[in-house]
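Residue numbers count from 1 along this sequence. No experiment lies behind these values; they were computed from the predicted model shown. Each ligand, and each atom within it, is numbered from 1 in the order the structure gives.
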Amino acid sequence: MSSLLIKNGRIIDPSSNVDQVGDLLIENGKVSRIDRGIQAHGTPSLDASRLIVAPGFVDIHVHLREPGREDEETIESGSQAAAAGGFTSICCMPNTEPINDNPTVTHYIVKEAERRAVTRIFPIGAISVKSAGEKLAEIGEMVAAGAVGISDDGKPVMNGQLMRRVMEYSLPFKIPVIEHCEDLNLSAHGCMNEGYQSTVLGLKGISRTAEDTMAARDLILAELTGAHIHIAHLSTRGTQDLMREAKRKGIHATCEVTPHHFSLTDAACCGYDTNTKMSPPLRTEDDVNALIEGLADGTIDCIATDHAPHNLNEKMLEFDRAPFGITGLETALSLSLTRLFHTGKIDLKRLIELFTINAARIINKPLGTLSIGTEGDVTLFSTDAEWVYDVNQTKSKSRNCPFHGMKLKGQVAGTVVAGKIVYRNEELLLR
Ligand SMILES: [Zn+2]
Ligand SMILES: [Zn+2]
């Protein structure tokens, strides 16, 4: 259990309405004091002058490829990439090999994380056996082993009756049912957004309707069952309108948006770069504008990366044959600062809320806060440092990222988990 004194930073904690310049003391791994001029002799300290001191960031949507595809990512390398991106907690999706659809795999991830990860790692269990959408997985036992939510992410739950059953079953466990909203009949093996760009490129499109109809079904089922539905990587104006209406009606519905969906449009696919291929696909400018409105007005609860590492050889295929997904842990905060904060669309308090307390609440963990007595997880960042993302410097084992070479404004300076510095940007973080 580590202790650390972080001095002279601008401490912003939306969960307790704190925004002040001062010192933050972590003792024995927990937040113990926020004040000016704290003296703590013998405690290691660091100077956070000109930096923002925020609660540790929580990413509820990450793909670590362990077990099964350790060539693409491991629990250890994924957690290091997370720390470099300012995340102190991440949730890992179950589509590993084998799939995390039983407590043995869940237990393996929890134990491996304890041994090797530098951040906290919370597994998400599968909804159905092998995520095949036919039979419910051992949800209760996975929750007992440490799963904080359930999802067949990568695949939608196509069977509405199974979705209803899993929602009913999830209630006593108080866990979110996380859905990758996509009607596979409507998306029909498309590889990018259906519209002008897909026509120009001669690629098969995925209509926005594929997402919207599935989201509508899930929200109706959540209303019927009272379950907590969480819509992953929301990408369309249509689904956002449905979310807004669902919240107005009091349905227990939350959602996340990825940095790539609010930073890029389907025009980015014009060079057939497979690092612009992900599911759901990049959408249109109208959708991007809708997402930014939703991030500002509270319709969207949190930002999550959907970090999806892939082997270089697999991404070096033709656009329609390459796998979906990009890496995103290390660029998430900088993209958000560049596209949302520096453009005046949202303020810092809201931005931090989207990365911290709101994400933590979805998985029912007392994280994402600097309240006294809580875990001493802290993210330090500069809003103004300008830098260029170089994917060759990544801590991830994979390099499938469309943001390589992009100039960004705002950068992670340091990441602290339970009072221990797990990532340090030497240029920004003074001793
Ligand atoms: Zn997905
Ligand atoms: Zn995903």
Side-chain angles (χ1 to χ4, degrees), residues 58-66 68-69 72-73 78 81-82 85 87 90-97 99-101 109 121-128 131-133 147-158 163 176-184 186-187 189-193 206 208 210-215 217-218 229-236 239 243 254-262 275-283 291 300-310 314-315 322-329 331-332 359 362-363 396 398 400-402:
V58 180
D59 185 350
I60 62 170
H61 192 148
V62 172
H63 296 269
L64 301 174
R65 301 304 190 191
E66 185 178 359
R69 286 302 304 270
E72 295 183 327
E73 199 78 285
F87 294 100
I90 55 176
C91 298
C92 55
M93 284 295 179
N95 61 339
T96 44
E97 298 170 22
I99 285 176
N100 182 13
D101 63 359
I109 295 168
I121 294 195
F122 300 105
I124 290 169
I127 287 174
S128 61
S131 288
V148 296
I150 45 170
S151 181
D152 277 349
D153 183 49
K155 293 178 180 172
V157 177
M158 285 292 286
M163 195 51 156
V177 177
I178 304 168
E179 173 81 305
H180 169 120
C181 290
E182 178 186 357
D183 183 315
L184 293 173
L186 283 167
S187 59
H189 306 293
C191 60
M192 69 173 289
N193 181 52
I206 300 169
R208 285 175 279 180
E211 178 171 322
D212 300 346
T213 52
M214 202 57 132
R217 182 202 73 178
D218 289 344
I229 178 76
H230 177 76
I231 294 178
H233 43 52
L234 184 152
S235 76
T236 69
T239 298
M243 266 304 300
T254 53
C255 68
E256 74 199 24
V257 161
T258 72
H260 50 272
H261 283 115
F262 66 70
N275 289 333
T276 61
K277 179 177 178 182
M278 66 289 284
S279 176
L282 297 173
R283 303 290 190 182
L291 301 187
I300 292 163
D301 296 274
C302 69
I303 293 173
T305 63
D306 197 6
H307 175 84
H310 284 293
E314 288 171 16
K315 271 288 194 183
F324 292 98
I326 61 163
T327 60
L329 285 166
T331 47
I362 290 165
I363 55 166
S396 168
S398 295
N400 50 308
C401 183

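The N, O or S atom of His63 lying closest to the Zn ion (ligand 2) is NE2.
Between His61 and His233, the angle of the ring planes lies from 30° to 60°, which puts this pair in the tilted group.
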### Task
For side chain to side chain donor-acceptor pair (under 3.5 Å), just list the numbers for Asp212 and Thr236, CA-CA rounded to whole Å, side-chain angles, deciding distance to a tenth of an Å, and then say yes or no.
CA-CA 8 Å; Asp212 300 346; Thr236 69; 2.6 Å; yes
### Message
Under the criterion side chain to side chain donor-acceptor pair (under 3.5 Å), I'd like the reasoning laid out for Thr327 against Asn400: C-alpha separation, chi angles, the key distance, then a yes or no.
### Response
CA-CA 6 Å; Thr327 60; Asn400 50 308; 4.7 Å; no
### Message
Please evaluate residues Glu73 and Ser396 with respect to the criterion side chain to side chain donor-acceptor pair (under 3.5 Å), reporting the C-alpha separation (whole Å), side-chain torsions for both, the decisive distance (0.1 Å), and the verdict.
### Response
CA-CA 7 Å; Glu73 199 78 285; Ser396 168; 2.8 Å; yes
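Judged as a salt bridge (Lys or Arg N to Asp or Glu O under 4.0 Å), and not counting sequence neighbours, the contacts of Asp301 are Lys247.
In summary, of the residues considered (Ile124, Leu64, Asn100), a side-chain contact (heavy atoms from CB on, under 4.5 Å) with Ile109 occurs for Asn100 alone.
For the Zn ion (ligand 1), protein N/O/S neighbours under 2.8 Å (waters excluded) are Asp153 OD1, His180 ND1, His233 NE2.
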